[in-house]
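Below you'll find the structure, written out as C-alpha cells, and then a few comments.
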Amino acid sequence: MDFKKAKEFIYRNARPVEFALWRFYMEQGSREEVLTCLSFHQNEDGGFGHAIEPDSFNPFSAPLQTCTAIKTLWDIGWRDCSHPIIQGVLRYLDSGNDYNDVLKQWNATVPTNDNYPHACWWSYEEPKEYTPNPTAALAGFILYHAPKESALWEKGKEAAANAYEWLVKNYPIHEDHQLGCYIQLFDYLNEGGIADVINLGDLKKRLIELVPQHICQETERWGKEYLALPSRFIRSRDSMFYPGNEKLVEAECAYLANAQQDDGAFSVTWQWYNDYKEFDLASNWWKSIILLENVTFVKAFS
C-alpha cells in the first residue's frame, strides 16, 4: 500500500475527526485532538448526530450515530468514564429519548432522519420487532461506564440480557452489523470484568464461530459488492478471531495493495438509492474513513 498517497488524500479531503484519527494512528497525534473533533458532532442532550455516520446528515441525536461515536472512543483506547463526552452519552441513553419501551431497545432509525439527506436505509420506520443493532453495543457501553447498580446500569443490564437471549434464540445470525454490535458488547464486558450479566464464555464461543461465516471467502467479489472482509472483524494478531483466518487476512493485505486508487483512496461500494445529491459529499467523507480502516489494518499485519 502507498502510505504517502494515503496521507495526501487524508490531508486534502478528510473531515476534522478523520484527520485527527489519521494523526493519532499514523503520526503520534493525541487522543485529545480526536476527542475535540468528535465533540463537535455531539449535541447538548449528549447524543451524536451531524453526519458522524456520513450516510445520515441528520444533525439531531440518534442511537446509531451515537454508536458510531462510542466505537471511535473504544478504538482509540479512551476509557475515562468521567470525561464530558462519555458522561454526555450516558445522559442521552438515560433520557429515554429514542428508546422503545415495548421492544426494550434503542431504535435503529429516528423520525428526524427524514428531514435531511440520507441513505435509503436511514429512512424512519416504526420498529415492529426487536433488533440488537445498536442496542447490544449501547448496553455494553452503559455497563462499562455507568455507576454499577444505578438505574441506568440496570437498564443496560436488562438490554444486554435481552440482546444475548435474542442471539441464542436466532442463532446463527446473518447480518454483519448485528454481529459487530455483539462483538462490541463482548469487548465492553470482557475488559470490564463484567461476567455476571450474561454467559460471556458462551457469547465468545458463538462470536468465534460466527465471524468466519460472515467474512466473504470469495476474494474475487471483494471491492465489487458491499461485503464483510476480514478487516471488518479482525484488527490485529491479538484478535480472538485471527486464529484460523490467517490466510484470509494475508489475502486482504495483498488485495488492498492493488485496490488502492491513484488518489490514494479506495472505492465506496454502495449507493444511497435515492435522489439526494449529497451522496457525492458523503462518499468522499467515507473514502477517508475507509482509508483509515485499511491503512491501520495493513499496518497491524505488516
Side-chain angles (χ1 to χ4, degrees), residues 1-38 40-41 51-55 68-78 176 180 183 187 211 215-243 245-270 279-302:
M1 183 181 292
D2 191 326
F3 289 92
K4 180 176 181 294
K5 280 190 174 182
K7 177 178 179 177
E8 289 172 353
F9 185 89
I10 291 291
Y11 270 72
R12 291 167 181 164
N13 295 276
R15 300 183 299 180
V17 66
E18 281 82 43
F19 180 78
L21 285 166
W22 173 273
R23 293 263 303 126
F24 172 72
Y25 286 121
M26 304 301 293
E27 299 175 356
Q28 298 183 317
S30 69
R31 288 183 176 89
E32 287 72 18
E33 184 181 354
V34 177
L35 294 171
T36 297
C37 295
L38 197 62
F40 284 95
H41 292 267
I52 187 64
E53 202 280 12
D55 286 334
T68 297
I70 66 171
K71 182 67 165 61
T72 299
L73 292 172
W74 184 265
D75 288 345
I76 66 172
W78 191 259
D176 297 336
I183 292 172
D187 286 344
V211 163
I215 294 173
C216 177
Q217 311 281 327
E218 302 163 81
T219 58
E220 67 275 6
R221 296 171 61 195
W222 292 1
K224 300 172 184 175
E225 305 172 51
Y226 185 73
L227 302 163
L229 275 60
S231 58
R232 173 79 68 89
F233 308 111
I234 306 169
R235 302 300 304 176
S236 75
R237 286 188 172 84
D238 295 328
S239 169
M240 63 183 182
F241 307 123
Y242 183 56
N245 292 299
E246 296 92 341
K247 292 294 185 183
L248 278 171
V249 167
E250 185 180 340
E252 184 175 358
C253 288
Y255 158 76
L256 291 174
N258 294 317
Q260 189 176 21
Q261 299 174 331
D262 290 341
D263 63 359
F266 294 84
S267 62
V268 176
T269 57
W270 63 93
F279 174 72
D280 291 338
L281 177 58
S283 178
N284 204 51
W285 291 344
W286 272 115
K287 285 184 177 181
S288 291
I289 296 171
I290 294 168
L291 185 53
L292 276 166
E293 292 174 349
N294 291 344
V295 164
T296 52
F297 175 75
V298 170
K299 182 182 177 185
F301 292 97
S302 296

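Because the structure is predicted, anything quoted here is derived from the model rather than measured.
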Is there side-chain contact between [X] and [Y], with at least one heavy-atom pair below 4.5 Å?
X: L38; Y: L73; value: yes
X: N13; Y: K287; value: no
X: L229; Y: Y255; value: yes
X: P230; Y: N245; value: no
X: F40; Y: V17; value: no

Do the side chain of [X] and the main chain of [Y] share a donor and acceptor less than 3.5 angstrom apart?
X: E53; Y: D55; answer: yes
X: R23; Y: S30; answer: no
X: R31; Y: I76; answer: yes

Taking side chain to side chain contact (heavy atoms under 4.5 Å, CB included) as the criterion, tell me which of W22, F266, Y25 meets it with V295. W22

To the nearest 0.5 Å, what is the distance between [atom1] on [X] and [atom2] on [Y]?
X: T72; Y: W74; atom1: OG1; atom2: CH2; result: 13.5 Å
X: D187; Y: K71; atom1: CG; atom2: NZ; result: 8.0 Å
X: I10; Y: I289; atom1: CD1; atom2: CD1; result: 9.5 Å
X: E252; Y: N294; atom1: CD; atom2: CG; result: 6.5 Å
X: F279; Y: W286; atom1: CZ; atom2: CH2; result: 10.5 Å

Checking side-chain polar atoms at under 3.5 Å, does T296 have a donor or acceptor matched by the opposite partner on R235? yes

So, using side chain to side chain donor-acceptor pair (under 3.5 Å) as the criterion, who are the partners of E8 when residues are at least two apart? K4

Mutual orientation of the aromatic rings belonging to Y242 and F301 [parallel < 30°, tilted 30-60°, perpendicular > 60°]: tilted

Tell me, which pairs form a salt bridge (Lys or Arg N to Asp or Glu O under 4.0 Å) where one or both residues lie in residues 292-302, sequence neighbours left out? none

Please determine whether side-chain contact (heavy atoms from CB on, under 4.5 Å) holds for the pair I183 and F241, giving the CA-CA distance in whole Å, both sets of side-chain angles, and the decisive distance to 0.1 Å. CA-CA 11 Å; I183 292 172; F241 307 123; 3.8 Å; yes

Residues passing the side chain to side chain contact (heavy atoms under 4.5 Å, CB included) test with E250, sequence neighbours excluded, are K247

